[in-house]
Enquirer: 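Can you read through this structure? Questions will come right after.
Note on naming: letters A, B, ... go to the chains in the order of the sequence lines (proteins, then strands), and numbering restarts at 1 for each one.
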Amino acid sequence: MNDERSVAEDVAAEKGPHAHEGPPMTELERIRHSCAHVLATAILRLWPEAQFAAGPPVENGFYYDVELPHRISPEDFEKIEAEMKKETKANHVFERVELSRGDALEMAKRGELGALGARSSPSKFKLDIIQNIPEDETITLYRNGDFTDLCAGPHVMRTGNIGAFRLTNVASAYYKGDEKNPQLQRIYGTAFKNKTQLDEYFAMLEEAKKRDHRKLGKELELFTFDDDVGPGLPMWLPRGAAIIEELEKLAKETEFAAGYQRVRTPHIARENLYLTSGHLPYYADSMFPPMELKYDATEEHKAAELEGIISEKLKAVAAFEAIFSKLGMEEARRDHFEKFERLQQNKSELEILNKRREDLLSRSRYYLKAMNCPHHHKLFAAVPRSYRDLPLRLAEYGTNYRYEQSGELFGLMRVRSLQMNDAHIYCTEEQFEDEFNAVNQMYLKYFKIFGIEKYVMRFSTHDPAELGQKFVDNSELWLKTEEMVRGVLQRSGINYVEVPNEAAFYGPKIDVQVWSAIGREFTIATNQVDFAVPARFGLVYKTRANTEATPLCIHRAPLGTHERFIGFLIEHYAGNFPLWLAPEQVRILPIGDEAPLLEYARAIQNELRAHEVRAELDASSDHIKAKISSAEQMKVHTMLVLGNRDMEANAVSVREHGKGNLGARPRNEFIAGVLAAIKQRRG
RNA sequence: GCCGAAGUAGCUCAGCUGGUAGAGCAGCUGAUUCGUAAUCAGCAGGUCACGGGUUCGAGUCCCGUCUUCGGCUCCA
């Protein structure tokens with residue numbers, strides 16, 4: 001994890017598994033990619049019939065996809081690694097060979113690619129890959145010892161340059177990620193320059209396991225899932241909810257100071273709303289299916305009435321068409337002009353009626369909201385807006401529901417109900433830069449508070465070739481807003497990287513990646529520029545010149561969702577939350593349970609709670625050591641060990657989780673200190 | 001959604017090739033009055049994820065469903 005690459009390189013490198021394009025590989029990637037070849041070599045020694053597909057370096061190592069009747073399991077790793085060791089010991093040169101397309105195809109047909117020599121069956125995946133290499137590109141092979149593979153490289157000089165490696169796991173993957181293609185076994189491994197770095201990496205994984213938010217969430221009683229409630233629907237226990245409260249407090253303070261206004265909107269809306277926004281049918285798969293209201297008699301009656309009229313019209317249209325079809329359209333128009341006109345009229349009326357009927361029915365379908373923007377757009381529209389109202393910043397901790405595919409669910413990181421630190425900023429083009437910059441500054445402020453030292457903003461832009469398909473067809477606005485975003489990012493010294501062709505449908509976006517204290521990456525938040533949907537909603541404001549204009553909209557959620565953000569924080573802090581965030585900030589542990597001492601303890605608890613400090617009292621009959629132990633296990637931030645000595649001196653003996661016994665302090669001094677630390681959001 | 005693996009008490013886990021369920025912690029009750037990470041004893045706790053099948057007999061074998069995990073795909 002300690003390689004010298006910049007974050008930008010990291011991010012760029014992860015883009016292209018196929019080395020045909022993109023930037024040259026870093027040294028570590030060359031090592032890993034070379035190791036994939038060594039892995040293939042080893043597998044072939046054990047199972048000569050193996051068919052290899054692709055074996056690129058990836059974020060934390062490499063993999064090679066292989067088709068093989070034998071199902072490789074972790075028990076096989078030892079013998080595969082032993083074969084790999086032989087290959088690295090032999091220190092073969094990675095030899096690069098250029099050859100013609102014809103020669104490459106011949107070799108693949110003889111089964112010599114991704115192989116130790118000619119075989120009875122062709123190297124089918126390699127054959128396919130060659131056929132997909134553009135005509136103007138050079139085809140190259142790489143050889144190490146007996147092993148020959150189709151590969152664009154680059155590699156390290158010799159197999160011995162692969163310092164240290166280990167296989168990690170095996171999973172299945174479809175060839176080219178398409179489920180219509182054959183299913184392959186994907187063998188994962190990792191490699192480093194030396195053994196020390198390899199060991200560090202595995203130590204980090206161990207540490208990540210200890211900090212796993214699912215494990216700590218259970219142990220610390222932060223949240224829970226229940227089968228009867230449903231998959232991907234976390235419920236927050238009081239200790240977890242306490243963290244949520246603090247995050248909301250932080251966001252509300254920050255946003256208030258930045259001129260945001262808080263709003264509240266329902267969790268559901270009629271289908272019409274999502275037809276207007278354009279989410280339906282495009283995004284329908286990611287939404288919970290609609291609730292249908294059956295009991296709206298008026299609307300059902302209206303729909304039925306329309307149904308009657310529509311069927312009449314249909315009959316009329318059919319009758320005319322039957323006549324005309326015999327005559328042919330041109331003749332019909334000439335000779336029966338009047339009837340023809342009536343047909344056209346009936347057709348267009350039918351269209352309107354059908355639309356009205358569909359509209360009526362859609363009014364009885366309600367969807368759980370998957371995002372807050374449509375509701376917020378309606379709030380914008382609820383009041384006549386003038387340029388004087390802009391920028392208008394509407395903020396809400398809205399709860400969204402997204403029907404994530406079952407295989408996507410993962411602890412708190414990928415859920416179906418999520419509370420977003422959401423806001424929509426409506427502004428003019430002139431205001432955009434300042435607004436966007438202010439949002440970025442808010443991110444930096446949060447990074448500081450949470451001790452996030454490494455981050456990158458992935459700035460996703462559009463591909464002009466896909467205008468009108470993947471992206472809203474408005475070239476001018478794309479270029480203009482992208483230029484504005486780029487300008488803000490550059491001028492504010494934000495660490496960012498540009499990712500082409502990954503923008504949202506309606507505008508450029510920024511995904512915010514942060515790294516936890518142990519160096520694992522999380523995408524926690526997103527900022528999106530939207531120059532399309534406000535227009536769909538017909539949002540306008542009066543300009544100074546008394547004309548109407550459509551505002552730009554910035555979607556932003558610096559703290560992302562509670563679910564993912566707290567998941568991140570759990571790992572980041574290893575469950576040892578700073579005082580202001582700690583679910584239980586203070587626990588009072590009286591030595592013994594004699595009445596005067598308990599009374600003293602209770603008085604302190606009450607005083608703390610009067611100042612909104614989450615203070616608890618352990619009045620159990622446990623011995624003091626046991627009380628300390630259980631408080632430590634729950635990672636209570638501060639423990640007050642109270643005995644007669646403390647009571648007599650009006651003092652408290654302070655113990656902090658992770659720091660141990662800090663000795664006695666005057667009661668008032670301690671309380672003032674706690675309040676100040678919480679207010680300043682210090683540790 | 002697809003492929004693979006797993007699911008035993010609130011938690012962590014044991015239960016061999018089928019013979020009818022067990023520990024530690026947590027909980028409850030009582031004793032213990034202890035100055036910085038676990039005092040002692042007793043009690044209670046399970047439709048072995050759910051549903052079906054094979055068998056004299058299923059936690060154990062087979063099938064289906066659900067959930068979780070590892071991947072793939074997805075994340076406008």
Enquirer: Walk me through whether D212(A) and K210(A) qualify under salt bridge (Lys or Arg N to Asp or Glu O under 4.0 Å).
Expert: CA-CA 6 Å; D212(A) 188 317; K210(A) 277 188 221 149; over 6 Å; no

Enquirer: With sugar-phosphate meaning primed atoms plus P, OP1 and OP2, does G230(A) contact a base, only sugar-phosphate, or nothing at under 4.0 Å between heavy atoms?
Expert: nothing

Enquirer: Both distances under 3.5 Å, Watson-Crick or G-U wobble: report the partner of A23(B), or none.
Expert: U12(B)

Enquirer: Which comes earlier along RNA chain B counting from the 5' end, the contact point of Y403(A) or that of R564(A), where each point is its nearest nucleotide?
Expert: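 Between the two, 5'-proximity favours Y403(A).
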
Enquirer: Return the pairing partner of G30(B) with a 3.5 Å limit on both distances, Watson-Crick or G-U wobble; otherwise return none.
Expert: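 In the structure as shown, G30(B) has C40(B) as its Watson-Crick or wobble partner.
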
Enquirer: Can you check whether any acceptor in the base of U73(B) is under 3.5 Å from a donor in the side chain of E408(A), or vice versa?
Expert: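 Counting by modelled atom types and ignoring angles, a donor-acceptor contact under 3.5 Å is found here.
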
Enquirer: Among U36(B), U33(B), U32(B), which is the nearest nucleotide to the side chain of S621(A)?
Expert: U32(B)

Enquirer: Is there a donor in the side chain of H637(A) and an acceptor in the side chain of E584(A), or the other way round, less than 3.5 Å apart?
Expert: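 No.
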
Enquirer: When you get a sec, tell me which of G35(B), U39(B), U68(B) is the closest nucleotide to the side chain of P231(A)?
Expert: U68(B)

Enquirer: Establish, with yes or no, whether the OP1 or OP2 oxygen of G35(B) is under 4.0 angstrom from a side-chain nitrogen or oxygen of R645(A).
Expert: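 Result: no.
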
Enquirer: Can you check the distance between U12(B) and U54(B), where both ends of the measurement are the C1' atom (answer in whole Å)?
Expert: 34 Å

Enquirer: What I want to check is whether an N or O donor and acceptor connect the side chain of Q633(A) with the base of A38(B) at under 3.5 Å.
Expert: yes

Enquirer: Under a 3.5 Å threshold, yes or no: a donor from one side chain and an acceptor from the other, between Y443(A) and N527(A)?
Expert: yes

Enquirer: Rounding to a whole Å, what distance do you find between L233(A):CG and C66(B):P?
Expert: 16 Å

Enquirer: Between A26(B) and C16(B), how far is it from one P atom to the other, in whole Å?
Expert: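 28 Å, rounded to whole Å.
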
Enquirer: Heavy atoms from C-beta onward define the side chain here; which of A76(B), U68(B), G35(B) lies closest to that of V641(A)?
Expert: G35(B)

Enquirer: What class does the angle between the rings of F568(A) and F522(A) fall in, given that below 30° is parallel, 30 to 60° is tilted and above 60° is perpendicular?
Expert: perpendicular

Enquirer: Under 4.0 Å, heavy atoms only, any strand: does D227(A) hit a base, just the sugar-phosphate, or nothing?
Expert: sugar-phosphate

Enquirer: Report the nucleotide, chosen from A38(B), U33(B), C72(B), that has the shortest atom-to-atom distance to any side-chain atom of R186(A).
Expert: C72(B)

Enquirer: For the pair made of CG in D226(A) and C1' in A49(B), what is the distance, rounded to whole Å?
Expert: 12 Å

Enquirer: Compare side-chain N and O positions of Y63(A) against OP1 and OP2 of G70(B) and report whether any pair is under 4.0 Å apart.
Expert: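 So the side-chain polar atoms of Y63(A) never come under 4.0 Å of the phosphate oxygens OP1 or OP2 of G70(B).
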
Enquirer: When the distance from CG of D593(A) to C1' of U39(B) is rounded to whole Å, what number comes out?
Expert: 14 Å

Enquirer: For T523(A), report the nucleic acid contact type (base, sugar-phosphate, nothing); a contact means any heavy atom under 4.0 Å.
Expert: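 Touches nothing.
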
Enquirer: Looking at A37(B), I'd like to know if its phosphate oxygens (OP1 or OP2) sit under 4.0 Å from a side-chain N or O belonging to R655(A).
Expert: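 Answer is yes, contact under 4.0 Å.
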
Enquirer: Can you find an N or O donor on one side and an acceptor on the other, under 3.5 Å apart, linking the side chain of R402(A) with the base of A76(B)?
Expert: no

Enquirer: If each of G232(A) and G660(A) is mapped to the nucleotide of RNA chain B with the nearest heavy atom, which maps nearer the 5' terminus, i.e. the 5' end?
Expert: G660(A)

Enquirer: What is the distance, to the nearest angstrom, from the CD atom on Q528(A) to the C1' atom on A76(B)?
Expert: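 Rounded to whole Å, this separation is 8 Å.
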
Enquirer: Taking atom types as they are modelled, would you say the side chain of D285(A) forms a donor-acceptor pair with the base of G1(B) within the 3.5 Å cutoff?
Expert: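 No.
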
Enquirer: Are K369(A) and T265(A) linked by a side-chain donor-acceptor pair shorter than 3.5 Å?
Expert: yes

Enquirer: If the P atom of G59(B) is compared with that of G7(B), how far apart are they to the nearest Å?
Expert: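 Per the computed distance, 15 Å lies between those P atoms.
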
Enquirer: Using 30° and 60° as the class limits, which term best fits the ring planes of F225(A) and F223(A): parallel, tilted or perpendicular?
Expert: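 Answer is perpendicular, since the angle exceeds 60°.
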
Enquirer: Between A14(B) and A21(B), how far is it from one C1' atom to the other, in whole Å?
Expert: 11 Å

Enquirer: Over all strands shown, is S286(A) touching base, sugar-phosphate only, or nothing at heavy-atom distances under 4.0 angstrom?
Expert: nothing

Enquirer: Only pairs with both distances under 3.5 Å count, Watson-Crick or wobble alike; so what is the partner of U55(B) in this structure?
Expert: none

Enquirer: Taking atom P in both G46(B) and C72(B), what distance in whole Å separates the two?
Expert: 41 Å

Enquirer: Given the P atoms of C48(B) and U73(B), what is the spacing between them in whole Å?
Expert: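 So the two P atoms sit 39 Å from each other.
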
Enquirer: Can a cation-pi geometry be assigned to R458(A) and Y496(A), taking NZ or CZ under 6.0 Å from the six-membered ring centre and within 45° of the ring axis?
Expert: no

Enquirer: Taking the six-membered ring of Y63(A) (Phe, Tyr or Trp), confirm whether the NZ or CZ of R186(A) is under 6.0 Å from its centre and within 45° of its axis.
Expert: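 Because its charged atom sits under 6.0 Å from the ring centre and within 45° of the axis, R186(A) does stack over Y63(A).
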
Enquirer: Given that both distances must come in under 3.5 Å, which nucleotide forms a Watson-Crick or G-U wobble pair with G64(B)?
Expert: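 Result: C50(B).
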
Enquirer: Out of G35(B), U39(B), A76(B), which has the shortest distance to the side chain of D622(A)?
Expert: U39(B)

Enquirer: Rounded to whole angstrom units, what separation is found between the CD atom of Q185(A) and the P atom of C72(B)?
Expert: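 Taking atom P of C72(B) as the reference, CD of Q185(A) is at 15 Å.
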
Enquirer: Could you state the NZ-C1' distance from K215(A) to C69(B), rounded to the nearest angstrom?
Expert: 16 Å

Enquirer: Between G45(B) and G52(B), how far apart are the two P atoms, rounded to whole Å?
Expert: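 To the nearest whole Å, 26 Å.
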
Enquirer: Identify whether any heavy atom of M371(A) sits under 4.0 Å from a base atom; if not, whether one sits that close to sugar-phosphate; answer base, sugar-phosphate or nothing.
Expert: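 Counting heavy atoms under 4.0 Å across all strands, the contact made by M371(A) includes a base.
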
Enquirer: Nearest of G35(B), A37(B), U73(B) to any side-chain atom of K625(A)?
Expert: A37(B)

Enquirer: Could you tell me whether F410(A) contacts a base, only the sugar-phosphate backbone, or nothing, with contacts defined as non-hydrogen atoms closer than 4.0 Å?
Expert: sugar-phosphate

Enquirer: Taking N and O atoms by type only, does the side chain of H623(A) place a donor or acceptor under 3.5 Å from a partner on the base of U32(B)?
Expert: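 Indeed there is one.
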
Enquirer: Check every atom of U33(B), U36(B), A76(B) against the side chain of F505(A) and return the nucleotide holding the closest atom.
Expert: A76(B)

Enquirer: Please state how far atom CD in E594(A) lies from atom P in G35(B), giving the value in whole angstrom units.
Expert: 12 Å

Enquirer: Say you pick atom C1' in G15(B) and the same atom in G22(B); how far apart are they, in whole Å?
Expert: 7 Å

Enquirer: Could you list the residues that satisfy salt bridge (Lys or Arg N to Asp or Glu O under 4.0 Å) with R416(A), not counting sequence neighbours?
Expert: none

Enquirer: Please pick, from C74(B), U36(B), G1(B), the nucleotide with the shortest atom-to-atom distance to any side-chain atom of S406(A).
Expert: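 Nearest to the side chain of S406(A) among the choices is G1(B).
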
Enquirer: Among G70(B), G71(B), U73(B), which nucleotide sits nearest the side chain of Y188(A)?
Expert: G71(B)

Enquirer: Does L409(A) reach a base, just sugar-phosphate, or nothing at all? Heavy atoms under 4.0 Å.
Expert: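 The residue L409(A) makes sugar-phosphate contact but no base contact.
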
Enquirer: Does any part of the side chain of F531(A), heavy atoms only, come nearer than 4.5 Å to the side chain of W478(A), both counted from C-beta?
Expert: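 W478(A) vs F531(A): side chains touch.
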
Enquirer: How long is the line joining NZ of K218(A) and C1' of U67(B), in whole Å?
Expert: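 So the NZ-C1' distance, K218(A) to U67(B), works out to 12 Å.
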
Enquirer: Paired with C69(B): which nucleotide, if any, by Watson-Crick or G-U wobble criteria at under 3.5 Å for both distances?
Expert: G4(B)

